[in-house]
Amino acid sequence: MAPAVITLAADAPKLSSANTGFMLICSALVMLMTPGLAFFYGGMVRVKSTLNMLMMSFISLGIVTVLWVLYGFSMAFGADRGSLIGWTSDFVGFSGIGRTELWPGHTIPVFVFAVFQLMFAIITPALISGALADRVKFTAWAPFLVLWATIVYFPVAHWVWGTGGWAYELGVIDFAGGTAVHINAGAAALGVILVIGKRVGFKRDPMRPHSLPLVMLGAGLLWFGWFGFNAGSWLGNDDGVGPLMFVNTQVATGTAMLAWLAYEKVRHGAFTTLGAASGAVAGLVAITPSGGAVSPLGAIAVGAVAGVVCAMAVGLKYRFGYDDSLDVVGVHLVGGVVGSLLVGLLASGKGQSAVKGLFYGGGLGQFWKQCAGVCAVLAYSLLASAVLAFLLDRTIGMRVPEDEEISGIDQSQHAETAYDFTGTGGGAVAAVTAQALAATQSRAATQSKKVGA
């Protein structure tokens with residue numbers, strides 16, 4: 001046994017109002033990412049699924065918050081139990097946490113650390129929803145959130161970030177969530193869609209985004225909030241690692257956007273708005289695990305690789321026949337793997353630790369550690385998520401009936417529609433809209449009669 005470390009009272013960390021304020025701001029930025037994700041996904045679906053897509057993200061703000069307070073924080077960041085899970089009774093219900101009690105080794109209160117990590121726990125299952133667009137019952141999605149957060153996210157967060165977690169002790173580097181967030185969510189998405197199957201009309205009907213302005217708004221909010229997601233993960237600004245991560249986040253994201261667009265132009269002949277937004281998100285995903293370990297030049301490399309590889313990966317669903325509606329697998333799973341593995345090649349030894357990657361003379365030791373973390377999280381999340389989806393599908397049913405999917409999941413699940421095309425507001429514009437709608441309906445009826453004849 002190693003000798004006990006004696007910390008003198010004079011040397012113990014003291015509460016820093018600057019770091020505390022900074023972390024509260026970062027927590028708010030990360031919270032904003034979930035509505036941003038809702039807009040990003042909501043614009044990518046067809047009109048008839050817009051509200052359902054928004055709600056699948058938004059409901060996570062409620063469900064996961066309650067779970068986190070009751071037991072999630074304790075499972076993820078409590079005292080280690082066998083390197084697989086945590087548990088501290090004082091964290092249950094936040095009942096034993098003192099108002100000024102500091103998170104061990106840091107200058108911020110436990111409450112601040114807990115609420116920052118809560119925002120990660122909220123957005124991670126929300127990421128999964130994009131792969132399931134158009135076809136999942138809201139009454140099945142809610143219990144899936146509860147089960148997935150409890151069985152998958154909380155334990156994996158402990159593996160990666162909790163003191164005593166096996167990946168943490170092995171030395172797997174995941175600055176802000178390449179494994180625990182993005183690979184975790186991307187693998188889960190793949191597991192669920194393999195169980196519930198394809199949308200009606202997959203590969204046959206056009207399923208284009210109904211609002212690219214909403215997609216760009218969502219991407220912009222994600223980019224903005226991601227600075228809190230990444231830079232805040234160092235829990236303070238006393239040694240310059242947080243600012244390095246901030247810079248690398250911007251650099252990798254911009255590079256990935258350009259790389260995606262360049263690939264798209266060569267492959268498809270156009271620079272698309274959807275490609276720009278998707279490329280930016282791919283860069284954000286890839287720099288999340290690696291940004292504290294690489295230099296800004298390394299961040300350019302991370303962004304360039306992620307932009308091209310993720311752009312290539314989104315087409316795999318057509319080749320292999322899995323219906324990943326909004327490319328969660330292609331962007332989050334693949335981007336998370338790219339960013340996590342590149343740590344083993346591009347870690348400079350001048351960031352969050354002295355660990356060096358292969359290209360900086362550090363050999364392959366860190367690369368193999370990164371592989372272990374990636375493979376373990378991917379396999380566990382894929383299998384556990386598929387099992388959860390299978391059990392829910394066989395009990396309460398995961399999918400809406402086919403006629404509801406065709407007519408629109410918004411109306412059947414929420415009794416609402418995202419847009420009012422009836423012109424009930426009155427006035428000249430309303431009258432013109434109503435006339436145009438009537439003319440369209442008349443043409444559709446005539447065409448229907450011709451087809452019937």
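Residues take their numbers from the sequence shown, with the count starting at 1.
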J.: Is the shortest side-chain heavy-atom distance between Tyr71 and Thr150 below 4.5 Å?
T.: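 Yes - at least one pair of side-chain heavy atoms lies under 4.5 Å apart.
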J.: Taking atom types as modelled, find out whether Trp226 and Thr288 have a side-chain donor-acceptor pair closer than 3.5 angstrom.
T.: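 A donor-acceptor contact under 3.5 Å links the two side chains.
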J.: Of the options Met53, Met207, Arg135, which is the one that meets Ser325 in a side chain to side chain contact (heavy atoms under 4.5 Å, CB included)?
T.: Arg135
J.: Is the shortest heavy-atom distance from the side chain of Phe39 to the side chain of Leu221 under 4.5 Å?
T.: yes
J.: Check Gly171 against Gln366 and note the closest heavy-atom contact, atom names and distance.
T.: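 The pair with the smallest heavy-atom distance is O-NE2, 3.0 Å.
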J.: Which is it for Val343 and Ile173 under the side-chain contact (heavy atoms from CB on, under 4.5 Å) test, yes or no, and what are the steps along the way?
T.: CA-CA 7 Å; Val343 172; Ile173 292 176; 4.0 Å; yes
J.: Ser27 and Val112: which non-hydrogen atoms are nearest, and at how many Å?
T.: OG-O, 4.3 Å
J.: With a sphere of 6.0 Å drawn around CZ of Phe390, does it hold more than 12 non-hydrogen atoms of other residues, nucleotides or ligands?
T.: no
J.: A side-chain contact here means heavy atoms from C-beta on lying under 4.5 Å apart; do Phe73 and Val110 qualify?
T.: yes
J.: Which one of Val192, Ile396, Val136, Leu132 satisfies the side chain to side chain contact (heavy atoms under 4.5 Å, CB included) criterion with Phe144?
T.: Val192
J.: At what distance, to the nearest 0.5 angstrom, does CG of Asn230 lie from CG of Leu284?
T.: 7.5 Å
J.: Report yes or no: do Thr417 and Asp410 form a side-chain donor-acceptor pair below 3.5 Å?
T.: no
J.: Can you tell me how far CG of Leu261 sits from NE2 of His268, rounded to the nearest 0.5 angstrom?
T.: 12.0 Å
J.: Is the backbone N or O of Gly336 less than 3.5 Å from a side-chain atom of His182, with the two atoms forming a donor-acceptor pair by type?
T.: no
J.: Look only at the side chain of Glu264 and the backbone of Phe271, and say whether a donor-acceptor pair between them is shorter than 3.5 Å.
T.: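 It does not hold such a pair.
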J.: When you measure from the side chain of Ser290 to the backbone of Ala286, do you find a donor-acceptor pair of N or O atoms at a distance under 3.5 Å?
T.: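 Between the backbone of Ala286 and the side chain of Ser290 there is a qualifying donor-acceptor contact (under 3.5 Å).
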J.: Is there a side-chain contact between Val374 and Ile183, using heavy atoms and a 4.5 Å cut-off?
T.: yes
J.: Any donor-acceptor pair under 3.5 Å linking the side chain of Thr124 with the backbone of Phe120?
T.: yes
J.: Run Tyr419 and Thr50 through side chain to side chain donor-acceptor pair (under 3.5 Å) and show every step you take.
T.: CA-CA 9 Å; Tyr419 307 100; Thr50 306; 4.9 Å; no
J.: Would you confirm whether Ser74, through its side chain, and Thr88, through its main-chain N or O, come within 3.5 Å as a donor-acceptor pair?
T.: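 Side chain of Ser74 to backbone of Thr88, a donor-acceptor pair under 3.5 Å: yes, one is there.
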J.: Using the rule given for side-chain contact (heavy atoms from CB on, under 4.5 Å), can you reason through Trp223 versus Gln250, listing the C-alpha separation, both sets of side-chain angles and the distance that settles it, and then say yes or no?
T.: CA-CA 8 Å; Trp223 195 333; Gln250 178 67 20; 3.1 Å; yes
J.: Donor-acceptor pair, Ser278 side chain versus Gly275 backbone, under 3.5 Å?
T.: no
J.: I need the Ile59 CD1 to Ile122 CD1 distance, nearest 0.5 Å.
T.: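 Going from the CD1 atom of Ile59 to the CD1 atom of Ile122 covers 11.5 Å.
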J.: Can you tell me how far the CG atom of Leu51 sits from the CE atom of Met56, to the nearest 0.5 Å?
T.: 13.0 Å
J.: Indicate the atoms forming the closest heavy-atom contact of Ala304 with Ala259, along with that distance.
T.: O-CB, 3.6 Å
J.: Side chains of Val172 and Val160, heavy atoms from C-beta outward: is any pair under 4.5 Å?
T.: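 Of all side-chain heavy-atom pairs linking Val160 with Val172, none is under 4.5 Å.
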J.: Using a 3.5 Å distance criterion without hydrogens, assess whether the side chain of Asn248 forms a donor-acceptor pair with backbone atoms of Gly291.
T.: yes
J.: For a quick test of reading the model, state the closest non-hydrogen atom pair linking Leu274 to Pro209 and the distance between them.
T.: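 Closest heavy-atom pair between Leu274 and Pro209: CD2-CG, 4.0 Å.
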J.: Dump the intermediate steps for side-chain contact (heavy atoms from CB on, under 4.5 Å) on Leu54 and Ser57, then the final yes or no.
T.: CA-CA 6 Å; Leu54 294 172; Ser57 289; over 6 Å; no
J.: Could you point out which residue of Gln413, Gln411, His414 forms a side chain to side chain donor-acceptor pair (under 3.5 Å) with Asn52?
T.: His414
J.: For Gln117 and Trp161, what are the C-alpha separation, side-chain angles and deciding distance, and is it a side chain to side chain donor-acceptor pair (under 3.5 Å)?
T.: CA-CA 10 Å; Gln117 288 295 336; Trp161 293 318; over 6 Å; no
J.: CZ of Arg267: more than 12 outside heavy atoms within 6.0 angstrom?
T.: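 Counting other residues, nucleotides and ligands, CZ of Arg267 stays at 12 neighbours or fewer.
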J.: Could you walk me through whether Asp393 and Arg399 pass the salt bridge (Lys or Arg N to Asp or Glu O under 4.0 Å) test, one step at a time?
T.: CA-CA 8 Å; Asp393 193 45; Arg399 294 192 61 148; over 6 Å; no
J.: Counting only heavy atoms not in Phe246, do more than 12 fall under 6.0 Å of its CZ?
T.: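 Not buried by this count: 12 neighbours or fewer within 6.0 Å.
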J.: Name the one of Tyr168, Phe91, Phe113 that satisfies ring-ring contact (aromatic ring centres under 6.0 Å, His included) with Phe77?
T.: Phe113
J.: Given salt bridge (Lys or Arg N to Asp or Glu O under 4.0 Å), test Lys317 with Asp324 step by step and report yes or no.
T.: CA-CA 7 Å; Lys317 63 185 179 183; Asp324 175 16; 5.8 Å; no
J.: Quick one: CZ on Phe175 to OG on Ser340, what's the gap to the nearest 0.5 Å?
T.: 13.5 Å
J.: Does Gln352 reach the side chain of Leu244, with side-chain heavy atoms less than 4.5 Å apart?
T.: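 Not in contact.
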J.: Examine distances only and state if a side-chain atom of Thr273 and a backbone atom of Leu212 form a donor-acceptor pair shorter than 3.5 Å.
T.: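 Answer holds: no.
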J.: Please enumerate all residues that pass side-chain hydrogen bond (donor to acceptor under 3.5 Å, both in side chains) together with Glu404, with sequence neighbours excluded.
T.: Ser412
J.: Indicate yes or no: at least one non-hydrogen side-chain atom of Arg199 is less than 4.5 angstrom from one of Glu405.
T.: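 Of all side-chain heavy-atom pairs linking Glu405 with Arg199, at least one is under 4.5 Å.
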J.: Using modelled atom types and a 3.5 Å cut-off, is there a donor and acceptor pairing between side-chain atoms of Ser233 and backbone atoms of Phe229?
T.: yes
J.: Centroid separation under 6.0 Å, is that true for the rings of Trp260 and Tyr263?
T.: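 They do not qualify: ring centres at least 6.0 Å apart.
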J.: Decide yes or no on side-chain contact (heavy atoms from CB on, under 4.5 Å) for Val302 and Leu346, but give the supporting numbers first.
T.: CA-CA 9 Å; Val302 170; Leu346 298 173; 3.9 Å; yes
J.: Are any non-hydrogen side-chain atoms of Ile128 and Trp141 less than 4.5 angstrom apart?
T.: yes
J.: Keeping the roles fixed (side chain from Lys48, backbone from Ser407), state whether a donor-acceptor pair exists under 3.5 Å.
T.: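 Judged by distance alone, no pair lies under 3.5 Å.
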J.: Report the distance from atom CD1 of Ile409 to atom NZ of Lys137, rounding to the nearest 0.5 Å.
T.: 10.5 Å
J.: Please determine which of Trp166, Phe154, Tyr153 meets the ring-ring contact (aromatic ring centres under 6.0 Å, His included) test together with Trp159.
T.: Trp166
